[in-house]
Amino acid sequence: MTSTVPVKDNPMPWVRGFGLGVHRYDLGCGPVYGHMGGVRGYTGIVVSTVDGRRQAVVAVTLNPNPAAVLPAAMKAVTAAVCP
């Protein structure tokens, strides 16, 4: 499930690949795998290191400013999985 294809023209620079519903993210400390998704006004981010030693789950509301919330959520995920 960690075999991915590159993502082109993606507005989220941390997403490096996609495959079988699993994204590969580059958070600066090696690849992590997981998924980002949600429903109107909310999103959730779930990631794990390849060896499974570190995981993070963040759920946020995107209102009132999604442009500010998503980078902050990724910063929280990065702090949790990158030593």
Side-chain angles (χ1 to χ4, degrees):
M1 290 187 64
T2 58
S3 296
T4 61
V5 295
V7 177
K8 296 181 181 180
D9 301 324
N10 188 353
M12 297 175 286
W14 49 84
V15 178
R16 299 295 184 197
F18 183 80
L20 295 177
V22 175
H23 298 129
R24 183 176 72 86
Y25 299 96
D26 180 6
L27 303 179
C29 61
V32 297
Y33 293 87
H35 190 78
M36 179 186 305
V39 296
R40 181 179 292 201
Y42 300 90
T43 194
I45 306 162
V46 179
V47 300
S48 176
T49 58
V50 175
D51 62 9
R53 295 182 66 202
R54 297 181 77 82
Q55 297 90 34
V57 177
V58 173
V60 295
T61 178
L62 297 174
N63 296 320
N65 187 356
V69 172
L70 196 52
M74 288 308 296
K75 186 175 181 180
V77 168
T78 301
V81 297
C82 292

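These numbers come from a predicted model, not from an experiment. The analysis underlying the following values was restricted to heavy atoms, covering all of them including side chains, and did not include hydrogens, waters or symmetry mates. We number each residue from 1, following the sequence as shown.
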Legend entry - Side-chain donor or acceptor of Thr78 paired with backbone N/O of Leu27 under 3.5 Å: no
Legend entry - Closest contact, heavy atoms only, Ala56 versus Ala80: CB-CB, 3.7 Å
Inset, instruction - Say whether, by atom type as modelled, one donor and one acceptor occur between the side chain of Thr43 and the main chain of Gly37 under 3.5 angstrom. - result: yes
Inset, instruction - Show the numbers, then the answer: is there a side-chain contact (heavy atoms from CB on, under 4.5 Å) between Val81 and Gln55? - result: CA-CA 6 Å; Val81 297; Gln55 297 90 34; 5.7 Å; no
Legend entry - Sub-4.5 Å side-chain heavy-atom contact between Tyr33 and Val50: yes
Legend entry - Intermediate values then yes/no, side-chain contact (heavy atoms from CB on, under 4.5 Å), Thr61 and Val69: CA-CA 8 Å; Thr61 178; Val69 172; over 6 Å; no
Inset, instruction - State the OH-CE distance between Tyr25 and Met74, to the nearest 0.5 angstrom. - result: 6.0 Å
Legend entry - Donor-acceptor pair, side chain of Arg24 and main chain of Val32, under 3.5 angstrom: no
Inset, instruction - Using the side-chain contact (heavy atoms from CB on, under 4.5 Å) rule, take Val46 and His35 through it: C-alpha gap first, then chi angles, then the decisive distance, then the call. - result: CA-CA 5 Å; Val46 179; His35 190 78; 5.6 Å; no
